[in-house]
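Numbered from 1 within each chain, the chains take letters A, B, ... in sequence-line order.
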2 protein chains.
Amino acid sequence: MKRIKLTVAYDGTNYSGFQIQNNASTIEGELKKCLTALLQEEVELIGASRTDAGVHALGNVAVFDTDTRIPAEKISYALNVRLPEDIRIQHSCQVSSDWHPRYQNTIKTYEYRIYNRPFPNPVVRLYSHHVYWSLDDSKMAEAAKYLTGEHDFASFCSAGAQVQSTVRTIYEAAVQAEESGMITIRLKGNGFLYNMVRIIAGTLMEAGRGSLPPEQVQDILAACDRSKAGPTAPAKGLTLMGIQYL
Amino acid sequence: MKRIKLTVAYDGTNYSGFQIQNNASTIEGELKKCLTALLQEEVELIGASRTDAGVHALGNVAVFDTDTRIPAEKISYALNVRLPEDIRIQHSCQVSSDWHPRYQNTIKTYEYRIYNRPFPNPVVRLYSHHVYWSLDDSKMAEAAKYLTGEHDFASFCSAGAQVQSTVRTIYEAAVQAEESGMITIRLKGNGFLYNMVRIIAGTLMEAGRGSLPPEQVQDILAACDRSKAGPTAPAKGLTLMGIQYL
């Protein structure tokens, strides 16, 4: 028995999220179906990040145990032939049998993309959130800098999350504006609470539009109250860029 | 009667090109249907560029004549409400009644995008051509520079095109590589022959892969023979960025 680690990219548009469900199409469900067909054995997957419906990923991670004689590095190719074109394995390799994608120190990188132009752009519509009023990206960047460091992010966590602690560390919170109208929020941290990136994006957009003074992010953090932060930004703007295992 | 100019963006994935057809979904067909419903009159459209099936646009141009009392600038908003989400008007304005989108001096800008990584990336799959062998973008840029200026581009024109002259001027032919693996070929010119950008992209990819010395582009141009150039690159990598009227 060996444990295989997969790095998985997907377009989340047509899926009800990562985690397997009975009556809905999910990333895990597709992976499991194709793995079972490829390996001719029942496979249990453990995913690193259970991304929500509509969220994209370039580098989510999952592991499974197998007796297959297919070399670990070749599994990526063999799986990609079977997977739908909106899911593509980027890398496969063997890891030790106790290697777990969640119970480890990691740095996760997320990007939230906002297309900020008067009219929507059809070719980016599935991978960004369209905002037609003008956003001041320098104000967004200013608001973002208050997020870096170790904080209690309870204000940036949707109700219903079951976590022991809402303290997390953000290593980088950058806002980059391109000439095309795309504004990208990049967050690197040691962990993210439920909807945390989307609530941060919703809050930074309020700062960008002028309805929230950037320095107020400090008060929002201190309040530990979800109602003090901005709205949860739509899923389609969010992409899990990668997970770095330390 | 007034003439209205539309600047149109679309995701060409699900269309059989711009030009109206009887039994296929096209950009022009969708525009005409929505305009007729909006204005309650029969509308004839004249498009600037009849992009092929699968080709995208951020700034194609079309005009139509109408008696409507809707202000020209508001037509964009009214149309966008009716159009499918993969077509979006970017701008509408009135032009003089003899303003024609084709019979004028213009600079057209096209981009051809190549995703150059070992594995496909699902979130860019619809808007770029995936090449898994490594391309040398500096060789592509070197090959591209021979294209600038006035040349007979007969070697870069698919058979079946009915044009009087195959001489065109390219003002800019740039190749830009990003860290993400995306290579963008940007071409600005006073006109492009049938499939010209896609044949140029196919030829530059041969240069990037090392199977065509960059300076050989000069011989290809001189030959005026389609068979001397590279293959026609797939439609989905191509985007008409905009048309500048001089």
Side-chain angles (χ1 to χ4, degrees), chain A residues 6-15 27 30 51 54-60 73-81 83-92 111 113 115 117-128 130 132 178-182 184 186 236-242, chain B residues 6-15 27 30 51 54-60 73-81 83-92 111 113 115 117-128 130 132 178-182 184 186 236-242:
Chain A
L6 302 174
T7 306
V8 192
Y10 46 85
D11 174 344
T13 306
N14 297 316
Y15 295 96
I27 307 299
E30 289 297 323
T51 55
V55 172
H56 316 290
L58 293 191
N60 203 346
E73 289 68 25
K74 301 286 182 197
I75 289 174
S76 51
Y77 297 92
L79 259 184
N80 281 340
V81 172
L83 283 165
E85 64 167 14
D86 49 8
I87 306 177
R88 279 293 174 270
I89 309 300
Q90 304 293 300
H91 188 73
S92 59
E111 285 187 3
R113 309 209 307 156
Y115 183 70
R117 279 283 182 273
F119 295 100
N121 177 344
V123 307
V124 299
R125 75 189 188 284
L126 303 174
Y127 313 104
S128 60
H130 176 239
Y132 60 88
E178 289 165 49
E179 231 184 301
S180 65
M182 195 65 80
T184 302
R186 181 183 294 110
K236 67 179 187 168
L238 183 60
T239 303
L240 169 57
M241 301 301 288
Chain B
L6 301 174
T7 306
V8 191
Y10 46 86
D11 174 344
T13 306
N14 297 315
Y15 295 96
I27 307 299
E30 290 295 324
T51 55
V55 172
H56 315 290
L58 293 191
N60 204 346
E73 289 69 25
K74 301 286 182 197
I75 289 174
S76 52
Y77 296 92
L79 259 184
N80 281 340
V81 172
L83 283 165
E85 65 166 15
D86 49 7
I87 306 178
R88 280 291 174 271
I89 309 299
Q90 303 293 300
H91 189 72
S92 59
E111 285 187 4
R113 309 208 309 156
Y115 184 70
R117 280 284 182 271
F119 294 100
N121 176 345
V123 307
V124 299
R125 76 188 187 285
L126 303 173
Y127 313 103
S128 59
H130 177 238
Y132 59 87
E178 289 166 49
E179 231 184 300
S180 64
M182 196 65 81
T184 302
R186 181 182 295 111
K236 67 179 188 168
L238 183 59
T239 304
L240 169 57
M241 300 301 287

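Between B/Phe119 and A/Tyr77, the ring-plane angle classifies as tilted under the 30° and 60° cut-offs.
Shown here for B/Arg88 and A/Pro122, the closest heavy-atom pair between the two residues is N-CG, 3.7 Å. When all heavy atoms of A/Val123 and B/Asp11 are compared, the closest pair comes out as CG1-CA, 4.1 Å.
Of all the listed residues (A/His56, A/Gln90, A/His91, A/Arg117), the one sharing the greatest number of non-hydrogen pairs under 4.5 Å with chain B is A/Gln90.
Proximity to chain A involves both the backbone and the side chain of B/Asp86, based on heavy atoms less than 4.5 angstrom apart.
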